[in-house]
Structures are given as C-alpha cells and as structure tokens.
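Here's the structure we're looking at; comments come further down.
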Amino acid sequence: MYNFKEIEQKWQDKWEKEGTFNAKNDYTLPKWYGLIEFPYPSGQGLHVGHPRSNTALDIIARKRRMQGYNVLYPIGFDAFGLPAENYAIKNHIHPKIITKQNTDHFRKQLKSLGFSFDWSREINTTDPNYYKWTQWIFIQLFKHGLAYKATMPINFCTGCKVGLANEEVVNGVCERCGSPVVQKEKSQWMLKITEYAQRLIDDLDDLDFLDKIKAQQKNWIGRSEGAEVNFKIKDSDDSLLVYTTRPDTLFGATYMVVSPEHPFINKHKDMIKNLDEVKEYQEKASMKSDFERSELNKEKTGVEIKGIKAINPLTNEEIPIWISDYVLITYGTGAIMAVPAHDDRDFEFAKKFNLPIKKVIVSKEEFAKYKVDEGQANSKIDDKEMTEAFTDVENGVAINSEFLNGLESKDAINKAIEYIEENKLGSRKVNYKLRDWVFSRQRYWGEPIPMVYCDDCGWVPVPEEELPLKLPEIKDYEPGENGESPLAKQTDWINTKCPHCGKPAKRETDTMPQWAGSSWYYLRYMDPHNDKEFVSKEALEYWSPVDWYNGGMEHTTLHLLYSRFWHKFLYDLGKVPTKEPYQKRTSHGMILGENGEKMSKSKGNVINPDDIVREFGADSFRVYEMFMGPFDQTAEWSMDSIRGCNKFLDRVWSLQDILVEGDQYSKETENMMHKAIKKVSNDIEEMKYNTSVSTFMTMVNEFSKLKKINKKEYETFLQLLNPFAPHITEEIWERLGHTNQLAYEPWPKYDEEKTIDESIDLPVQINGKLRANIQIQKDEDKDSIKAKIHENEKIQAYIEGKEIVKEIYVPNRIYNIVIK
RNA sequence: GCCGAUAUGGCGGAAUUGGUAGACGCACUAGACUCAAAAUCUAGCGAGAAAUCAUGUGGGUUCGAGUCCCACUAUCGGUACCA
C-alpha cells in the first residue's frame, strides 16, 4: 500500500509553493485556455459532480503543458445568489460572511484534489473589484440602447417574492423554491438579447460545440418564418395584425383570437356588446398563474367579442373575434387568425365553441385521388369529416384557395406572402421565441444596478469613475411585501445626486441576476488584477478565445446564451477580438447516487468528496471518476468500483519492486508501448477517459505478467498516467531519480510503424461464422495465406465435399470462405 | 406533442467505425499464503451437454451487422398553447 496521504500533501504543497501551474505572461508562447464552470460556493460543499468536470479538463490542461503550451486553467467563484441570501434572512448572518466561509471550504476541497488551477488568478463575482466591471458592462449596454426599463407582466414568485426570468420558471413554479408563479406588472430592467437572436444562431456554425448543445441553443431562440397579416375590422378604420407561419391557410381562417392582455379590447370597448363578459374573462386570466394556464391547456376557454367583426382579407368574409388565453401576448402580435382545419389548437377551440372549420389543404395522396384540378374549388372533400387538423407542411396541397389551388404547401406559403406584400396586406416576417432578458432582481445579494433616476434627466448611469457602486451593508435582507428589493429600505443609500444635473435623485434598488457575473468571467481570468480596464487588450489578443469549455448540461442553454450575447456586444464595441467567447464546448454527464437516484440530502445518498479523498486518496478519486463510464453520460456512483481504482494505483506503485534498468522499450513491450501512447493520446482528445484508464490497467497487467518493467517503460507509463493521477506519478518519478517535475516533461511520442503487429492471429470464417484462427505475417501474400487456410484441419473438415462459392480476404483483418 | 440521447453478461462498460462481441473493472468461484480472517497473488467466469444461441423488438441490405436502412418498444434529459 502506498501512502497517498503523505504523497498527495507533499506534492500539493510543492505546487502551491512553486506556483507550478500558474500561467505565464509570456505572450510569445503557444497558448491553450481551458475553462470549467466556476462553482457556486454552496453550503453543502463540493459535489462529486464538480470533480468530474474539473478532472476531465485538468487532464487536458496537464497534457497541453507537457505538449509545450502556455496553459491557462483558471478557477473562481460565482458567489452571488439566493441560497446565501435566504440563509442570511433565516440566521441573520451577513451573506458576505457565509459566502466567505463557503468559498474557503470549496477552495480547500478543490486543492485537496490536485487540480492544476492557476490559483493566482482566482476571481469572485462578489468582489467589488470584479463587479465593478460587471456594472461597467451594464452601463455600456445602457449607453448603446440595449438596457431599458419596461413595465412588463413578469413572472413573480409568491415564495421568493421576486421577479423571475422565464428561464427560472419550471412547469409554472419557481425553479428554486417550488412556489407558484403568478403574473405581475413591474418596472424592470431589460436587456435586448432579441437584437442578437439571428447572430446567436448563425455564429454557431463555426463553433466546435456538441451538436445537442447547438440544437438546444437554436431551440431556445426558436426562429420561425412566416408573415404578418392585417385583418380589417368591419365598420372601423382599424385593423388587427396577426402573425402566422402558414399564410397558405389564409383562405381557411374562419375566426380570430386575441390574447386577454391585448390592447385591442380596451381600444374598441365602445363597440363591444358584451364588455362585462369580456372583462370578466380578462380578469380571470390575469388571476391564473402560469402553472394553471398550462395545466388547463387540455380544456380551452374563451369568449366571443360581440359587436366586432373582422374581414378575412382574401375571402372578404366577415369572421368573429374571440378572446382566449391560448393566445399569448408575449409571442408574435398577441393575436392570431384561427385556421381550425389546419392547426391543432384552433381545431380544438372550434370544436368546443362550434365554429366553422374550412378545409383548404389536403394530403398529396388525397389530392391525387380526387384529382382536384388547379383553380377549382372542390366539394367532394367534406369539411365535416375532419376529426383532427391536417398540419403536415411536407405533404400538403392547397385547395379551395383560388390562386393557391394545386400548390404544394411550401410553394403556397411563398405565393401567399408575395400576394400579401403586393396587395399591402402585410409582409414577410421572422419571429423568435426568445424574449428580452429580465435583468432586475428585487434582492439584496447581487450586483447593484449602477443607475440613478432623476426627475429631470430620467435614468442616468453612475459615472464610470465612481464604479464600483458598492453594495451597502444592511441588516434586513427581507424583500418588501410588494416585491421591492431590500435595498429600497436604505434611504441613505438611495438618495443621491443626479450625475447629470446635480439635483437630488434616487438610485435603482434592484440588483442584477446571478447570470450577470458569469456572463463575462472567462474574460477576467485573462487579466484578473487589472484595475484600469476589464482586461488588457494584449491579454485579450493572446488568450482569446477560450479553447475548450466544459460544464454541465444544465448550463448549455441560458448561461451559454447570455454570455455569448454579452460577448457579441463587447465585440461590436471593439472590446474583444473574437465573435464568440468559446471555441469548443463539451458537457459531462450527471453523477447519480448508488441507488441510481439523483444525489440529495433527503434521499441520503450524497457522497462527500472529502470522505473519498480521506479513504482512497485524490488520485484514486480522479481515476475512478474518469473510469466510471463515458464522460458525457449519466453514471451511478459505486464504492466497489472506486476500490478497484485504488487497487490499480497500488499495483502501479508496486511496479517499483520489479524495476530493471533499460533506456529502450524491451522487445516484448515495444509494440504495446507505442500502441498505448497512441491510444491514450487520442482518447484524451476525445474525452474517452474510461478507455484510457483501461489501457493503463492492461499495461500494468502485462508488466506484472512479465515480472519486470524497465526504467524507460516505467517513465513513459508515468508520463501517460500523470494527468489522471498526478501525485503518485510525480512521487515515483522522483524516486526514479528525477529532480525535475513530471508536469513539464514532454508528452511521449509514438511511432506509427511500431503500433502495427508483425504477426497477426487472422480469424477465418466460413459463411460468416468463425471457424479458426491462423498465424500470418503482417502483409503476407494472399496466396500464401490461402494455402495455409486450406491446409488447416478444422477448415478442411468444414469445406470437405462443399462447393466454394467465393473467398474474401480483407488484408490483415479477416478471411471468409463462402460455401454451398 | 416536439427536440435530443440511450438500450450489449449478475453489474459499470469495451469493440480500431461494416470484420474474432463481451477489452478493462466490479461482483462471484476455486487455489496459494495465513492458526484464522482481511489484504495480496494465481486461475476461472454470457447461455447451452452439444450443434448452436446471444448486443431492446420485428423486418431488410451484405460474404459478414452491436455498428448501415425501414418500422416499433422502453427508459432518461430538455422543452412545451411560440400560431
């Protein structure tokens, strides 16, 4: 048994003292920048999921150093956030103190795992020297019109008493506390991320992100193409604008629907005959939480707005207008034309309220069957027969639609838009699901938004030379009943002078969301102690972009999107040199408890990394997390398995007992050594760590079998294993007589020639079934192989008396005889 | 519903991308060492008496399919009245 406790402490101390892994400020060297998501220092301490990500990229960082790169592998803490604040409210301890305690604990835990972080660049989002620049970026956004105040119906969590971004609402309840979320009108700071929607899609093309991550980004942005069309209101100059992706179905629009919040209703209240009924419906809808609204989506509700009719611009028919909450004010124009025959939701609504259903599209098969002639209305297809809407764009042909008749849906859409534009009825339009980012939080523990409101000048940013605008020390963290920030009670702090005109003015009391600090942290690492700029130009030019970013799948939509947005904004200002922040993004799978369930305190299946380090050592922990399964997939924790990894390292240590001299690979191992170097080198790049570890195990088995390992072999082995198990390998390296550290030894090279076996155990199949193996030389002549095979007794027994149809030889791979 | 993924021994998982299915590890069994146990070491370990059968199910392509194609099923993750 090797003494991992002593060894790991020894090397960690040495690394710390010597700053072994600090990135060099020599900008002439080839660089590599690896990034892991900086942790939120929770009270629970490090989770076993953190080391999975950290070890994976640590391995790459360590390999890159051995390959001669100047490596930046930084670490910091994303320390603003609700848990610390909620803890503060409960226990009356300042979040700053909690955060400091948690951060110290995290730092100690991370250090005990031997990650090659550059601790000299540690950052913390709650440090005024850091959030100074977060505030600075906000001011730039404001100055360029991308930050604005708007009174918006926002998601309001009844538990946290705080406005939430759409992203923080899960199934209608608060992502953090699980309380119901209701709609509330509130003046909020908003960021115009929608302005970047198209670029956030387009620029994905040049990035090396996992496909599923790109897909998630695109889904979230949710681009759709269609048209906006105006429907005239009868007996009025007004019209109602709708958005549709299916302008080819215009002839089938038999009614319209507006969302309960639509201004149309108030505007025309004089014409509405059943105003009370409509108002009552509006009221009911506003009382519903998001949860109820989606919960009730099975059963549609609505009220007809009586007294007002719209005119279908293509058929000139009068159609009714309804109000219903299945139409959302936040998407498109907040109003729709309903085509019940070709939209599932409209169909359901029409069935319930007995509205006409008019079929204007049939499937290609149906179209062929009825031989519907172009330009001819068709009565053979009975609208009443429909039991569900026909929505397939790929397979539709227009009917009963005058000039669209006979066109396939895709062409019909284009023709319809052309017609609409020519006749000034509307225009082509692209829509996105993505909405502007609600950037205000009515909370204490976040970056103060550096804005001042002056009655005369409006919103004025805090002058940049006054940044950071520090978060004031307060005692009461409880948010106000109406959802105001706790800062709203700090009159001393609020009252200030207008930076513009000098008159008395008031500070913004909302703070930034947790996403803010993490939207640009990768930039600060490049130059963390700069007090003149957020990063120096030289550092940016040298380190940009992040070469490889790894983190959890839970952050591949929002965090990634938000930081890409900020980065693009900074790029437009000429402040950063690249269009995108991260060149490559990968994600690790979750680690579940031993019972296959998500680790949680309540389930009692949480594994504490400290216990694992104490019992097996950091190296065993690291090796196990890499061995447990494919890196990008969910894996269950197994104590038995980690013991196996610990045993493996014991055997690595024991190889010292069978060490012999030698400065060349021995004959018996040469082939294996070259293969192993190749395999491990490639595996690391593809994050196939589990098979790298099995390669190491196979090597140890082989050396044990040979009962010897020479110095050269041992050295190469240690070099390959070093990124995975840095402490034990450094220790043995030293014991082999080296005075330099393994961490900067050049990565071993392999010779392709020598990875190829000289003699091959060639499988021989008959009709695709394995029947024998024969020994051949590499690239042996086919005739010679054929002769050997036909001499083989086993084979002869099989082909005796049978007709040989053909013989297939795949050089050096397989030989197959087909018989009848 | 939509998007994405996954399915291989008792278990975690390998398989050079169409070429010997089950590498490596765990668990298990036997042996060595020990008074004994643990640890360690050695050997065995998909099913079947065998022919053979086996990579979620059913088809297909091929000399040859875990891998490719078609149609399903199950599980997991994300998302959802987005017109």
Side-chain angles (χ1 to χ4, degrees), chain A residues 1 170-171 210-216 218-220 222-224 226 242-246 249 253 257 259 293-294 296-298 300 324-328 330-339 342-346 348-349 391 431-435 553-554 556-557 589-590 592 596 623-624 627-630 632-645 647-648 650-651 654 675 678-679 682 688 690-701 704-705 755 761-773 805-810 812-819:
Chain A
M1 279 282 278
V170 177
N171 289 329
L210 292 178
D211 285 341
K212 62 175 168 183
I213 296 175
K214 287 190 184 182
Q216 266 186 26
K218 284 183 193 165
N219 278 345
W220 192 266
R223 182 193 154 98
S224 74
V242 301
Y243 173 72
T244 176
T245 55
R246 296 298 304 274
T249 62
V257 187
S259 73
R293 248 170 117 148
S294 63
L296 292 169
N297 82 31
K298 301 276 181 297
K300 294 214 169 5
S324 171
D325 65 3
Y326 85 90
V327 174
L328 308 175
T330 44
Y331 185 76
T333 63
I336 60 158
M337 64 173 201
V339 185
H342 306 292
D343 181 281
D344 292 324
R345 296 150 301 179
D346 298 345
E348 194 193 326
F349 193 81
T391 57
N431 251 326
Y432 302 91
K433 283 191 224 171
L434 185 70
R435 277 167 248 165
M553 272 317 278
E554 68 274 20
T556 48
T557 26
M590 231 187 349
L592 303 176
V623 168
Y624 169 61
F627 185 59
M628 69 195 309
D632 57 349
Q633 281 171 37
T634 308
E636 275 173 42
W637 188 267
S638 157
M639 276 302 177
D640 282 335
S641 232
I642 192 167
R643 253 171 232 124
C645 293
K647 198 160 99 179
F648 158 69
D650 268 332
R651 298 182 69 203
S654 306
K675 271 187 182 166
K678 182 179 180 181
K679 173 97 180 117
N682 294 338
K688 290 160 95 175
N690 52 337
T691 49
S692 286
V693 174
S694 59
T695 303
F696 296 137
M697 289 171 169
T698 311
M699 289 170 88
V700 171
N701 289 346
S704 304
K705 219 175 270 171
T755 62
D761 194 24
L762 188 79
V764 182
Q765 296 183 332
I766 290 172
N767 288 350
K769 292 207 167 81
L770 181 73
R771 294 306 183 195
N773 281 291
V805 181
K806 66 170 140 174
E807 294 180 48
I808 297 143
Y809 177 53
V810 184
N812 300 327
R813 281 241 180 273
I814 204 161
Y815 197 103
N816 194 9
I817 302 172
V818 186
I819 59 169

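Hydrogens, waters and symmetry mates play no part in the numbers below; they use all other heavy atoms, side chains included.
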Phosphate OP1/OP2 of B/G25 contacted by A/Asn690 side-chain N/O (<4.0 Å): no
Side chain of A/Ser224 (C-beta onward), nearest among B/A83, B/A27, B/A21: B/A83
Once you round to the nearest 0.5 Å, how far does OH of A/Tyr326 lie from CD of A/Glu348? 9.0 Å
A/Thr691 has its side chain closest, among B/G19, B/A83, B/A15, to B/A15
Taking C-beta and beyond as the side chain, do A/Asp632 and A/Met553 meet within less than 4.5 Å on heavy atoms? no
Side-chain N,O (A/Lys806) to OP1/OP2 (B/C63) below 4.0 Å: yes
Same-atom distance (C1') from B/C26 to B/C33, integer angstrom: 24 Å
Candidates B/A23, B/G4, B/C81 - which lies nearest the side chain of A/Lys212: B/G4
Measuring only the P atom in each nucleotide, how far is B/G4 from B/C53? A whole number of Å is fine. 37 Å
Could you check B/G4 for me: syn (within 90° of 0) or anti? anti
As a test of the definition: with a 90° window around 0 for syn, would you call B/U17 syn or anti? syn
Select base, sugar-phosphate, or nothing to describe what A/Gly332 touches, counting heavy atoms under 4.0 Å on all strands. nothing
RNA chain B: A/Ile808 or A/Met628, which has the more 5' nearest nucleotide? A/Met628
Tell me whether the side-chain N or O atoms of A/Lys300 pair up with the base of B/C81 as donor and acceptor below 3.5 Å, since no angle test is needed here. yes
Inter-nucleotide C1' distance (B/C45, B/G9), Å rounded: 10 Å
Once you round it to whole Å, what is the distance between P of B/C3 and CE of A/Met553? 16 Å
Going by side chain to side chain contact (heavy atoms under 4.5 Å, CB included), name the residues that satisfy it together with A/Glu807, two or more places apart in sequence or in a different chain. A/Lys786, A/His790, A/Ile804, A/Tyr815, A/Ile817
Take atom C1' in B/G25 and the same atom in B/G13, then report the distance between them in whole Å. 9 Å
For a quick check of understanding: with a heavy-atom distance under 4.0 Å over all strands, which category does A/Lys769 fall into, base, sugar-phosphate or nothing? sugar-phosphate
Checking side chain to side chain contact (heavy atoms under 4.5 Å, CB included) for the pair A/Glu554/A/Met590: CA distance, chi angles, key distance, verdict? CA-CA 10 Å; A/Glu554 68 274 20; A/Met590 231 187 349; over 6 Å; no
What's A/Thr245 touching, base or sugar-phosphate or nothing? Going by heavy atoms closer than 4.0 Å. sugar-phosphate
Taking only the P atom of each, what is the distance from B/G19 to B/C69 in whole angstrom? 15 Å
If you measure from the C1' atom in B/G10 to the same atom in B/A27, how many Å do you get, rounded? 8 Å
Give RNA chain B the dot-bracket treatment, 5' to 3': Watson-Crick (N1-N3 with N6-O4 or O6-N4) or G-U (N1-O2, O6-N3) under 3.5 Å, [ ] crossing, | other strand. (((((((..(((......[....))).(((((.......))))).((....))..(((((..]....))))))))))))....
Rounded distance in Å between the P positions of B/A65 and B/U52: 16 Å
Sidechain-backbone polar pair: A/Asn767 side chain, A/Ile819 backbone, donor-acceptor under 3.5 Å: yes
Hey, is the side chain of A/Lys705 poking within less than 4.0 Å of OP1 or OP2 on B/U42, counting only N and O atoms? no
Presence of A/Asn701 side-chain N/O under 4.0 Å of B/G25 phosphate oxygens OP1/OP2: yes
Any N or O donor-acceptor pair linking the side chain of A/Asn816 to the base of B/C63 at under 3.5 Å? yes
Pair A/Asp640 + A/Arg643: basic N to acidic O under 4.0 Å: yes
Nearest-Å distance for atom pair CE/C1', residues A/Met697 and B/A14: 13 Å
Does a nitrogen or oxygen in the side chain of A/Arg771 sit under 4.0 Å from OP1 or OP2 of B/U52? yes
Do side-chain atoms of A/Asn816 reach the backbone of A/Gly768 as a donor and acceptor pair under 3.5 angstrom? yes
Taking atom C1' in both B/U55 and B/G66, compute the distance separating them and give it to the nearest angstrom. 5 Å
Closest-nucleotide mapping onto RNA chain B: is A/Arg246 or A/Ala215 further toward the 5' terminus? I mean the 5' end. A/Ala215
Atom pair distance, as rounded to whole Å: NZ in A/Lys688 and P in B/C24: 17 Å
Can you tell me if the side-chain N/O atoms of A/Tyr331 get under 4.0 Å from OP1 or OP2 in B/A83? yes
In whole angstroms, the gap separating C1' of B/G12 from CE of A/Met639 amounts to 15 Å
Does OP1 or OP2 of B/A27 have a side-chain N or O of A/Arg643 closer than 4.0 Å? no
Roughly how far, to the nearest 0.5 Å, is the OG1 atom of A/Thr391 from the CG atom of A/Asp343? 8.0 Å
Out of B/C3, B/A83, B/A15, which nucleotide sits closest to the side chain of A/Leu328? B/A83
For A/Asp344 and B/G1, what is the distance between atoms CG and P respectively, to the nearest whole Å? 12 Å
Atom CH2 of A/Trp220 to atom C1' of B/G4: distance rounded to whole Å? 15 Å
Is the A/Phe696 ring parallel, tilted or perpendicular to the A/Phe648 ring (thresholds 30°, 60°)? parallel
Output the rounded distance in Å from CZ (A/Phe627) to P (B/G12). 13 Å
What integer distance in Å separates A/Lys679:NZ from B/A14:C1'? 8 Å
Please answer whether the main-chain N or O of A/Ser638 pairs with a side-chain N or O of A/Ser641 as donor and acceptor at a distance below 3.5 Å. no
Scan A/Val818 against the nucleic acid and name what it touches under 4.0 Å (heavy atoms): base, sugar-phosphate only, or nothing. sugar-phosphate
